[in-house]
Amino acid sequence: MTTAAASTVSEIEVFRHQAGMVQTVVRVNVDGLSQEESLIQPSPGGNCLNWVVGHLACIYNKVLPMVGQEPVMDAGALKRYDRGAPPIRDAAEALELRDLLAAFDKATERVVAGLASLSPEALDQKVPESPSGNPNETVRSLLSTIFFHQAYHAGQTGILRRIAGKEGAIR
């Protein structure tokens with residue numbers, strides 16, 4: 001195995017580990033919360049836990065084709081949870097938390113599987129559109145940003161759990 005190939009394998013394993021950690025944190029923090037509790041809005045602003053979980057699923061759903069996998073849901077079903085969407089103010093706008101978690105779990109499994117098939121050449125390919133506007137964005141740099149993004153929002157689930165009146169789940 002060449003140094004570049006070994007480095008890529010190691011890099012992919014780091015990405016896969018990060019995806020697994022994000023999934024674990026979200027699952028632990030959401031455990032025992034009801035649909036109603038997932039809709040409690042933080043004050044003075046921000047998004048509820050339902051939106052955050054849906055957002056995590058939405059982002060992975062968009063990443064799946066980049067790693068050679070099929071999306072888990074129609075993009076329209078997750079549009080309410082996309083970047084820049086306003087906070088959920090009406091329960092009727094929200095998908096069921098259990099359905100969002102199922103989509104997030106399935107998307108995580110597909111992301112992890114797709115990562116395993118990426119070559120160094122695939123990681124070096126430029127992406128057609130960079131969310132940050134970076135004209136030199138590659139699959140590698142975008143994946144790095146995506147996993148940071150997912151971890152950031154996974155951390156929010158711990159705070160939103162406490163806002164819902166539950167004890168912290170990670171000690």
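Source: prediction; values computed, not measured.
Note that the CE atom of Met66 and the CD1 atom of Ile146 stand 6.0 Å from one another [nearest 0.5 Å]. The line from CG of Leu123 to OG of Ser144 is 11.0 Å long, rounded to the nearest 0.5 Å. With values rounded to the nearest 0.5 angstrom, Leu142 atom CG is found 12.5 Å from Gln125 atom CD. Distance check: Leu33 CG to Ser38 OG gives 7.5 Å after rounding to the nearest 0.5 Å.
At a threshold of 4.0 Å, the pair Arg16-Glu13 counts as salt-bridged, since one of the basic side-chain nitrogens sits closer than that to a carboxylate oxygen. Salt bridge absent: Glu137 and Lys126 never bring a charged side-chain N and a carboxylate O closer than 4.0 Å. With salt bridges taken as basic N to acidic carboxylate O contacts below 4.0 Å, one links Asp82 and Lys62.
Gln35 places a side-chain N or O within donor-acceptor distance of the main-chain N or O of Leu97, the cut-off being under 3.5 Å. Checked by atom type and distance alone, the side chain of Asn61 pairs as donor or acceptor with a backbone atom of Val72 at under 3.5 Å. Proximity of a side-chain donor or acceptor of Arg83 to a complementary backbone N or O of Pro131 within less than 3.5 Å is detected. Arg161 contributes no side-chain N or O that, together with a main-chain N or O of Gly168, makes up a donor-acceptor pair within less than 3.5 Å. Side-chain atoms of Asn29 come within 3.5 Å of backbone N or O of Val25 as a donor-acceptor pair. Judged purely by atom type and a 3.5 angstrom limit, Trp51 has no side-chain atom pairing as donor or acceptor with the backbone of Gly46. Using modelled atom types, one side-chain atom of Arg110 and one backbone atom of Glu70 make a donor-acceptor pair closer than 3.5 Å.
If you chain together hydrophobic residues whose side chains sit under 4.5 Å apart, Val28 and Ile159 never meet in one group. Linking ILVMFWY residues whenever their side-chain heavy atoms come closer than 4.5 Å, directly or via other members, leaves Leu56 and Val112 in distinct clusters. Ile88 and Leu100 end up in the same hydrophobic cluster when Ile, Leu, Val, Met, Phe, Trp and Tyr side chains are linked at under 4.5 Å.
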Note to self: side chain to side chain contact (heavy atoms under 4.5 Å, CB included), that's the test. Do Leu39 and Glu36 meet it? Break it down for me.
What the structure shows: CA-CA 5 Å; Leu39 294 170; Glu36 294 73 27; 5.8 Å; no
Margin query: One pair to check against side chain to side chain contact (heavy atoms under 4.5 Å, CB included): His149 and Ile59. What are the steps and the verdict?
Written below: CA-CA 9 Å; His149 170 272; Ile59 297 305; 3.5 Å; yes
Notebook entry, point to check: Between Val26 and Val52, is a side chain to side chain contact (heavy atoms under 4.5 Å, CB included) present by the stated rule, with each step listed?
Noted result: CA-CA 10 Å; Val26 170; Val52 170; over 6 Å; no
Notebook entry, point to check: When you look at Val127 and Thr138, which way does the side chain to side chain contact (heavy atoms under 4.5 Å, CB included) test go after all the steps?
Noted result: CA-CA 5 Å; Val127 296; Thr138 63; 5.9 Å; no
Notebook entry, point to check: Are Arg140 and Glu11 close enough, and set up right, to give a salt bridge (charged side-chain N to carboxylate O under 4.0 Å, His left out), and what steps lead you there?
Noted result: CA-CA 9 Å; Arg140 174 183 284 107; Glu11 187 174 39; 2.8 Å; yes
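Ring pair Tyr60/Phe104 is parallel by interplanar angle, where below 30° counts as parallel and above 60° as perpendicular.
In plain terms, the two heavy atoms of Gln23 and Asp105 that are nearest each other are NE2-OD1, 2.9 Å. Residues Ala103 and Met73 share a closest heavy-atom pair of CB-SD, 3.5 Å. For Leu64 against Pro71, the heavy-atom pair with the smallest separation is CD1-CA, 3.7 Å. Considering all non-hydrogen atoms of both residues, Val22 and Ala154 come closest at CG1-CB, 4.0 Å. Nearest heavy atom pair, residue Pro42 against residue Ile163, reads CB-CD1, 3.7 Å.
Defined by atom type and a distance below 3.5 Å, a donor-acceptor pair is present between the side-chain atoms of Asn50 and Tyr81. Residues Glu37 and Ser34 have side chains that bring a donor and an acceptor to within less than 3.5 angstrom of each other.
Residues Glu93 and Asp90 have side chains in contact (heavy-atom distance under 4.5 Å, counting atoms from C-beta outward).
Residue Phe15 forms a side-chain contact (heavy atoms from CB on, under 4.5 Å) with just one option from Val67, Leu143, Val111, Leu118, and that option is Leu143.
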